[in-house]
Amino acid sequence: RNPADVAVALVAGLLARLRGRSEFAVSYEDPALAELTDGLHGWFAASVPVRIRVPFEATLEALVAGVATDLGEARRHLTFSADLPLRQPKLRALPHAGGRSLPIAIVLAGEPDRVTAREGSEVTFVVGTNGSRGRLLYDAARLSPETAAGLAERLARLIRGVRTARERPLGEQPIISDAERRTLLTDWNATDPPIDRSRTIDQLVHERARLDPERTALVCRGRALSY
């Protein structure tokens, strides 16, 4: 396997989990595309949209194979005329038409430290061509440092998860901490109102009748009874 493809596949897996969608588009760049368009950015697109498919039931091997196939399509076609979306009516409605950027950019680079956040994208995932290093860059006007740090931590947790259990499906890999899970499942669901246990039920009913006598108390077989 290409280590860079593995890294991109893990990023794609995280995005799929966070979005709750198994298919989405990202902006993509790699060294071959950068070399081809060097000095020609006004003529040819420096990044291309890639539609990535990420089945939640996929294991790591299947995930990497699928994402590598999607990236292979982009690598075969490389770039296109920068004004193509404007000249083709069917393409004008696409999110990246007319120079518009997709929210997520994935950049493969030989020197990740030299890559800057891509203008117009909320988040730029930078992956080294050897797959051993990466960076997460973000638009500070659209994302808070805490949100960006949370993304990085979730990606790190997903990486640790697949290292521990490679055969576990993507949809079952952990991406949140135990504390976050407790907040989501327990704390935020603790919506039951407090009950005054020092009073009897009939006292509570009498109190409700005094405060809101016309409010519906019971419904049975299409008939309603107010307090």
Side-chain angles (χ1 to χ4, degrees), residues 1-34 45 47-80 94-96 101-110 112 115 118 121-138 143 147-178 180-181 184-185:
R1 295 193 307 264
N2 182 335
D5 286 352
V6 175
V8 173
L10 290 171
V11 170
L14 175 68
L15 295 173
R17 288 287 304 276
L18 293 176
R19 292 176 172 219
R21 294 168 52 192
S22 61
E23 187 171 336
F24 51 89
V26 299
S27 174
Y28 174 75
E29 303 174 37
D30 64 18
L33 182 59
S47 63
V48 295
V50 176
R51 183 158 293 278
I52 295 180
R53 299 161 186 83
V54 183
F56 290 116
E57 67 275 11
T59 61
L60 175 62
E61 297 295 336
L63 175 63
V64 173
V67 171
T69 298
D70 295 332
L71 295 180
E73 287 294 317
R75 289 164 179 162
R76 275 195 294 274
H77 297 291
L78 287 176
T79 187
F80 52 85
L94 295 178
H96 54 277
S101 300
L102 289 166
I104 305 295
I106 297 178
V107 180
L108 260 62
V115 177
R118 292 314 189 231
S121 293
E122 292 182 21
V123 180
T124 303
F125 290 94
V126 186
V127 176
T129 49
N130 62 3
S132 64
R133 295 193 60 233
R135 300 175 66 205
L136 189 153
L137 309 174
Y138 63 97
L143 241 64
T147 301
L151 282 174
E153 176 56 31
R154 283 170 170 78
L155 179 58
R157 189 170 285 111
L158 177 60
I159 293 172
R160 292 193 295 269
V162 298
R163 284 177 175 172
T164 303
R166 299 172 67 88
E167 296 304 314
R168 181 186 294 161
L170 171 67
E172 298 177 13
Q173 292 287 356
I175 62 170
I176 61 175
S177 66
D178 291 340
E180 289 175 308
R181 184 178 293 104
L184 291 171
L185 299 181

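- In this structure, L136 and F125 have side chains that are in contact, with non-hydrogen atoms separated by less than 4.5 Å.
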For residues 5-18, which side-chain donor-acceptor pairs fall under 3.5 Å, sequence neighbours excluded?
from : atom 1 : to   : atom 2 : distance (Å)
D5   : OD1    : R75  : NH1    : 3.3
D5   : OD1    : R75  : NH2    : 3.0
R17  : NH1    : L170 : O      : 2.9
R17  : NH1    : Q173 : O      : 2.6
R17  : NH2    : Q173 : O      : 3.3

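- Closest approach of A4 and G128 over heavy atoms only: CB-O, 3.9 Å.
- To the nearest 0.5 Å, the span separating CG on L158 from CD1 on I176 amounts to 12.5 Å.
- Looking only at side-chain heavy atoms (C-beta outward), V127 and P112 stay at 4.5 Å or farther from each other.
- At least one donor-acceptor pair closer than 3.5 Å links the side chain of R135 to the backbone N or O of V115.
- When side chains are defined from C-beta on, V162 does not count as touching L63, because their heavy atoms never get closer than 4.5 Å.
- The structure places OG1 of T147 at 10.0 Å from CD of E122, a figure rounded to the nearest 0.5 Å.
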Side-chain donor-acceptor pairs under 3.5 Å in residues 48-57, sequence neighbours left out?
from : atom 1 : to  : atom 2 : distance (Å)
R53  : NH1    : R51 : O      : 3.4
R53  : NH1    : D70 : OD1    : 3.1

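- Atom CG in L155 sits 4.0 Å away from atom CD1 in I159 (nearest 0.5 Å).
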